[in-house]
Amino acid sequence: DDRLPIASHTMFPKGFMFGASTAAYQVEGGWNADGKGMSIWDNITHVHPDFIRTYQNGDVADDSYHLYKEDVKALKAVGMQLYRFSISWPRILPNGRINQINQPGLDYYMNLIDELLANDITPIVALYHWDLPQALEDIGGWLNPDIAQYFEEYADLIFKTYGDKVKWWITINEAWSVINGYGSFAWAPALNLHGTGDYLAGHNLLRAHGKAYRLYQRKYSHFGGKLSMAFCGAMCLPASDAPEDIAAAERCYQFSFGWFAHPVFKGDYPPIMREMVDRNSKAEGRNVSRLPYFTQEEINEINGTVDWFGLNYYTSMMTKNGITGDNPSTLRDTEMIQYWDPSWPSTASDWVKVVPQGIRVLAKKVKEEYGNPLTIVTENGYSDHGDRDVDRIGYFESHLAEIRRAIYEDGCNIVGIAIWSIIDNFEWKDGYTVKFGIVEVDFNSPNKTRTLKKSAYWFQNYIAMHKLIQ
Ligand code: GBH
């Protein structure tokens with residue numbers, strides 16, 4: 001047995017993988033280099049610079065487009081065995097469609113993958129981490145049902161090109177964040193179609209994922225890769241023992257993680273979500289529910305389309321029964337009121353409080369809901385303004401301890417973690433002032449000098465101390 005009880009208090013199981021994550025728009029820069037097309041984040045930050053609190057953008061970022069070898073060096077220095085990065089769709093297909101392929105874009109990721117493999121670092125590759133080709137947004141983006149096919153065509157090219165070297169795939173990173181761009185002003189493309197556009201976008205994200213998965217099964221299964229989505233949401237803890245608060249926390253889970261995980265594991269939306277949105281739609285005098293229906297064919301296509309569970313966890317929220325939020329909206333449909341427990345420490349991100357026990361509750365929920373899937377924690381991290389790196393160490397220490405409890409005490413099948421993030425990078429609406437890296441990046445230096453922080457040295461030690469010999 002790999003899971004020696006004697007090691008349970010300190011060690012991770014044999015084979016457990018440590019690694020780190022980034023995303024294309026947040027690190028690459030080279031926004032128009034060598035034939036890359038525009039993404040919705042290039043567009044929104046150029047047209048509306050005030051969309052970002054600091055008026056910054058990802059035009060140059062960490063310049064990983066040119067400096068990826070420095071990133072691999074940093075990963076290697078810390079002793080990381082996994083690197084999770086994303087491919088920029090418009091770097092490969094400048095107009096989003098398969099009729100125009102940008103060879104330098106394909107070469108870039110090939111070089112990165114080869115560099116990783118030469119350093120014994122296993123790539124986990126996400127096809128979509130939010131930088132949609134602007135050309136596709138111009139024809140409706142994730143609201144356009146045809147996007148599922150465009151995504152399939154893009155996935156086909158990616159699997160064909162890198163399939164022999166990449167065994168771990170994520171189709172969509174955080175569909176629940178993507179839909180925020182359709183349901184609010186807060187995220188690109190900022191359409192604010194709350195309670196309608198978000199459900200439509202989510203529907204097409206699921207259809208796109210299903211098509212990419214089936215395509216892999218049909219054409220590329222000989223590569224033996226494993227596909228997933230990376231799921232997210234704040235973990236919802238009931239505000240009290242009252243049954244109505246426990247039920248509200250359950251709805252909260254099903255309207256975030258469950259919205260996307262339930263369909264890909266079980267073929268359709270969580271029943272409670274179906275019921276609430278249908279009921280509210282009807283009460284609003286609509287004949288058609290705001291939450292679209294899958295056809296039977298689509299259900300068959302989507303059902304059973306994850307080989308592993310990509311779990312992103314940063315924080316939790318207290319949840320109680322009640323009604324709030326725009327009418328209509330996903331929040332209002334959920335019928336919940338959320339708040340942070342005042343005892344939870346803050347971070348530099350307004351939405352992240354430090355709640356390590358939440359990751360264990362979440363992992364257990366995933367185990368129970370979906371039959372204990374193979375799980376990798378695909379994101380987990382702590383933000384500061386460059387001033388709280390010691391608290392970052394405490395964050396990781398406590399979350400890793402909860403992950404061990406989830407493994408040994410709850411029997412969760414967690415086999416690795418890719419923390420957010422190896423390097424400081426473009427933190428979306430917070431620009432470069434909010435930092436998640438364990439490696440500092442000097443954004444003012446021309447070569448974006450990378451310097452290991454204390455937390456990087458801590459991680460190096462931690463990995464050495466907590467891994468059972470392979
Ligand atoms: C992850 O998202 C992302 O995958 C990663 O790219 C990111 O850098 C990392 O977290 C750290 O932020 O502006 O108030 O509307 C985590 C989920 C989704 C949380 C978007 C913040 C917007 C908050 N995030 N959400 S707001």
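For the single chain, residues carry numbers from 1 onward in sequence order. Whatever order the structure lists ligands and atoms in, that order sets their numbers, starting from 1.
A 4.5 Å side-chain heavy-atom check between Thr330 and His194 finds every atom pair outside the cut-off. Contact of the Asn425 side chain with the Phe436 side chain is not registered, since no non-hydrogen atoms from C-beta on lie closer than 4.5 Å. For the pair Arg84 and Asn173, the minimum side-chain heavy-atom distance is below 4.5 Å.
The closest protein non-hydrogen atom to atom 26 (S) of ligand 1 is Ala186 CB, 4.3 Å. With respect to atom 22 (C) of ligand 1, the closest heavy atom belonging to the protein is Trp187 CZ3, 3.5 Å. Looking only at heavy atoms of the protein, atom 18 (C) of ligand 1 is closest to Ser177 OG, 3.1 Å. With respect to atom 2 (O) of ligand 1, the closest heavy atom belonging to the protein is Glu174 OE1, 2.9 Å.
For ligand 1, the polar-atom distance check finds an N/O of Glu427 within less than 3.5 Å of one of the ligand's N/O atoms. By the 3.5 Å distance cut-off applied to N or O atoms, Glu379 is counted among the residues near ligand 1. Considering backbone and side-chain atoms together, Lys429 places no N or O closer than 3.5 Å to any N or O of ligand 1. Looking at ligand 1, you'll find an N or O of Trp428 within less than 3.5 Å of one of its N or O atoms.
Under 4.0 Å is where a charged nitrogen must lie from a carboxylate oxygen, and between Asp34 and Arg91 no such pair does.
Among Trp176, Tyr314, Trp130, the residue whose heavy atom lies nearest to atom 10 (O) of ligand 1 is Tyr314.
Distance check, rounded to the nearest 0.5 Å: CE of Met110 to OH of Tyr162 gives 6.0 Å. Note that the CD1 atom of Ile417 and the CG atom of Leu82 stand 10.0 Å from one another [nearest 0.5 Å]. Considering CG of Leu116 and CZ of Phe85, their distance stands at 6.0 Å, rounded to 0.5 Å. Within the model, atoms CD1 of Ile422 and CG of Leu75 stand 4.5 Å from one another, a figure rounded to the nearest 0.5 Å.
Listed by number with element, the atoms of ligand 1 under 4.0 Å from a non-hydrogen atom of His129 are 3 (C), 4 (O), 5 (C), 6 (O). For ligand 1, the atoms sitting less than 4.0 Å from at least one non-hydrogen atom of Gln26 are 5 (C), 6 (O), 7 (C), 8 (O), numbered in the order shown with element in parentheses. Atoms of ligand 1 lying under 4.0 Å from at least one heavy atom of Asn173, given by number and element, are 4 (O).
Of the possible polar contacts, none joining the Thr334 side chain to the Cys252 backbone as a donor-acceptor pair under 3.5 Å is found.
Of the protein's heavy atoms, none falls inside 4.0 Å of atom 14 (O) of ligand 1.
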